[in-house]
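Just below is one structure, and these are the notes that go with it.
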Protein chains: 2
Amino acid sequence: MGKEEIIERQCTESNIKEAAKTVFLKKGFAGTKTRDIADQAGENLALINYYFRSKKNLFQLVMQEIFAEFMESSIPVFNDPKTTIREKIEIFVDKQLDLYMHQPDIPLFVLNEINENSRCLDQMTQNKHELIMQSVFHSQLEIEYGHKKIHPEHVIMNIVGMTLYPFLGRAMMNGMKGCEDMNFETMMLERKKLIPIWTMSMLEGPQE
Amino acid sequence: MGKEEIIERQCTESNIKEAAKTVFLKKGFAGTKTRDIADQAGENLALINYYFRSKKNLFQLVMQEIFAEFMESSIPVFNDPKTTIREKIEIFVDKQLDLYMHQPDIPLFVLNEINENSRCLDQMTQNKHELIMQSVFHSQLEIEYGHKKIHPEHVIMNIVGMTLYPFLGRAMMNGMKGCEDMNFETMMLERKKLIPIWTMSMLEGPQE
DNA sequence: GTCTATATTTAGATAGAC
DNA sequence: GTCTATCTAAATATAGAC
């Protein structure tokens, strides 16, 4: 009884914020109406402005939380001096896929917002990629495979692309014949193991 | 004189449609205002409704054109019985990268619209992936590498992911240290050669 | 076909009672 | 803090002159 009480006893404010997160993730800023958020939260429309002053303000709050989650799960991995290239890839892919399996709308949302430099977050974005590009991972790639003329940038694009894409094009896959017997989650679990293997094959394999 | 006349003599209708394409690609449906389109086209606002009846109608028209372009550049490649696996990948990547180097907003636009099953196009989308999944390419992968337990779906996800991602996360790359000396276009030209090589390495390389 | 002016609808925000 | 009712602004769409 006590437990459920606590769960139910979320204050209106966090109630709205969670609802906003859900709807913004799904529809983006322009596609979301404040009435959608109120409905989703089961709260009165006026309370959105009471607690958050404006739709834009609420959006920025929510977006910063999503970005923080997105980045915290990746940056530190690439900067750990104690792990190998392969280990970094394994940990990164594992963490990212876990995150997206629970919140599959994050990748598309993040990419959309990044490509709309209009709304804040420029600092966050820039910082993130500066960090990855100056990361220990980047240096390790340069040292180990620089002589093969594989630019680390390509490797990073590949890892991120292979990791994110299934969640970006997921709607396309729904009608896929080959996926009927094997469900999406199973495939993603497979990819946790395979993406590191594939990436190492690329690095070790023949270059032109 | 005659030539420029012809170029200038585009009728208002196609003028508006081209402007709409530009703006919708950049901002999406909800983010686009009809005034933006009118401004971009240099035409009167009322003419949008005169020629296209509604914003929604214009959007669907434009979207279908974009989707057609997107699909025509990929489906036939995967169904050509005369080409090898490697050749199919080479041609596909080449065509896709050419398309996106000229119209870099297409990938994000298409993924967004697909994930909004709200607006039409369900037929197109479903058809596309049924086609790829029942394609000659799919069968070839199954025959040649099925014994290695590499599901063709994974391979397709990887190829598409590696091809599209640079255009999805492009904004992220602008601040990238490693890309200062090498510009984006150069990298994409490199990827035309590398993605097929990498993919073959994955297929031939060690599996768990 | 094109324009100006205006009608209509939608959506964000607020006032004021409770 | 919460709700109803309402204001205001923005955006789509149309009417009617030219």
Side-chain angles (χ1 to χ4, degrees), chain A residues 5-66 109 112-113 116 118-121, chain B residues 5-66 109 112-113 116 118-121:
Chain A
E5 277 297 304
I6 292 168
I7 293 171
E8 297 295 330
R9 186 76 80 88
Q10 294 173 318
C11 64
T12 310
E13 185 172 352
S14 71
N15 228 6
I16 292 173
K17 202 170 73 178
E18 282 311 299
K21 198 169 176 177
T22 305
V23 183
F24 279 137
L25 269 171
K26 201 178 166 99
K27 304 192 180 181
F29 179 78
T32 296
K33 310 304 164 200
T34 50
R35 284 166 174 83
D36 300 338
I37 296 172
D39 289 353
Q40 172 76 23
E43 303 283 357
N44 187 286
L45 175 62
L47 296 175
I48 294 176
N49 291 293
Y50 175 76
Y51 282 108
F52 299 98
R53 258 197 13 256
S54 73
K55 175 189 172 186
K56 193 171 180 178
N57 198 49
L58 175 55
F59 178 79
Q60 290 183 345
L61 201 69
V62 162
M63 187 187 55
Q64 277 167 15
E65 278 189 22
I66 294 168
F109 176 87
N112 274 315
E113 290 315 316
E116 295 217 2
S118 53
R119 277 187 293 283
C120 72
L121 83 93
Chain B
E5 276 298 302
I6 292 167
I7 293 170
E8 297 296 329
R9 187 77 79 89
Q10 293 174 318
C11 63
T12 311
E13 185 172 353
S14 69
N15 228 4
I16 292 173
K17 203 169 71 178
E18 282 311 300
K21 199 170 175 176
T22 305
V23 183
F24 280 137
L25 269 171
K26 203 178 164 100
K27 302 191 183 181
F29 179 79
T32 296
K33 310 303 164 199
T34 50
R35 281 166 175 81
D36 300 339
I37 297 172
D39 289 352
Q40 172 76 26
E43 302 284 358
N44 187 288
L45 176 61
L47 295 176
I48 293 177
N49 291 292
Y50 175 76
Y51 283 108
F52 299 98
R53 258 195 14 256
S54 72
K55 174 188 171 186
K56 194 171 178 176
N57 198 48
L58 174 55
F59 178 79
Q60 291 182 345
L61 201 71
V62 163
M63 188 188 54
Q64 276 166 17
E65 280 190 21
I66 293 168
F109 176 87
N112 273 315
E113 291 315 315
E116 294 219 3
S118 52
R119 281 186 291 282
C120 74
L121 83 93

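Only a predicted model underlies this, so the values are computations on that prediction, with no experimental measurement involved. Numbers restart at 1 for each chain; the letters A, B, ... are given by sequence-line order, proteins then strands.
- The CD1 atom of B:I48 sits 13 Å away from the P atom of D:dA11 (whole-angstrom rounding).
- Within the 4.5 Å cutoff, the side chain of B:E113 has heavy atoms near those of the B:F59 side chain.
- To the nearest 0.5 Å, atom CG of residue B:N112 and atom CE of residue B:M63 are 12.0 Å apart.
- Geometric assessment of A:K55 against the ring of A:F24 yields a negative cation-pi assignment under the 6.0 Å and 45° thresholds.
- Here the CD-OH distance, from A:E43 to A:Y51, works out to 8.0 Å after rounding to the nearest 0.5 Å.
- With the nearest nucleotide of DNA chain C identified for both B:Y51 and A:S54, B:Y51 has the one nearer the 5' end.
- Contact check of residues 31-40 of chain A against DNA chain C (heavy atom, cut-off under 4.0 Å) returns A:T32, A:K33, A:T34, A:R35.
- Counting non-hydrogen atoms of other residues, nucleotides and ligands closer than 6.0 Å to NZ of A:K17 gives a total of 12 or fewer.
- We find the CG-CD1 distance between A:N49 and A:I16 to be 9.5 Å, quoted to the nearest 0.5 Å.
- Residue B:Y50 is in base contact, counting any heavy-atom pair closer than 4.0 Å across all strands shown.
- Partners of A:E13 under the side-chain hydrogen bond (donor to acceptor under 3.5 Å, both in side chains) rule, at least two apart in sequence or in another chain, do not exist in this structure.
- Along DNA chain C, read 5' to 3', the first and last nucleotides having any atom under 4.0 Å from a heavy atom of chain B are C:dG1 to C:dT4.
- Between B:T34 and B:L58, every side-chain heavy-atom pair lies at or beyond the 4.5 Å cut-off.
- Rounded to an integer number of Å, the gap from CG of A:L47 to C1' of D:dA5 is 15 Å.
- One can place CZ of B:R53 at 10 Å from P of D:dA13, the figure rounded to the nearest angstrom.
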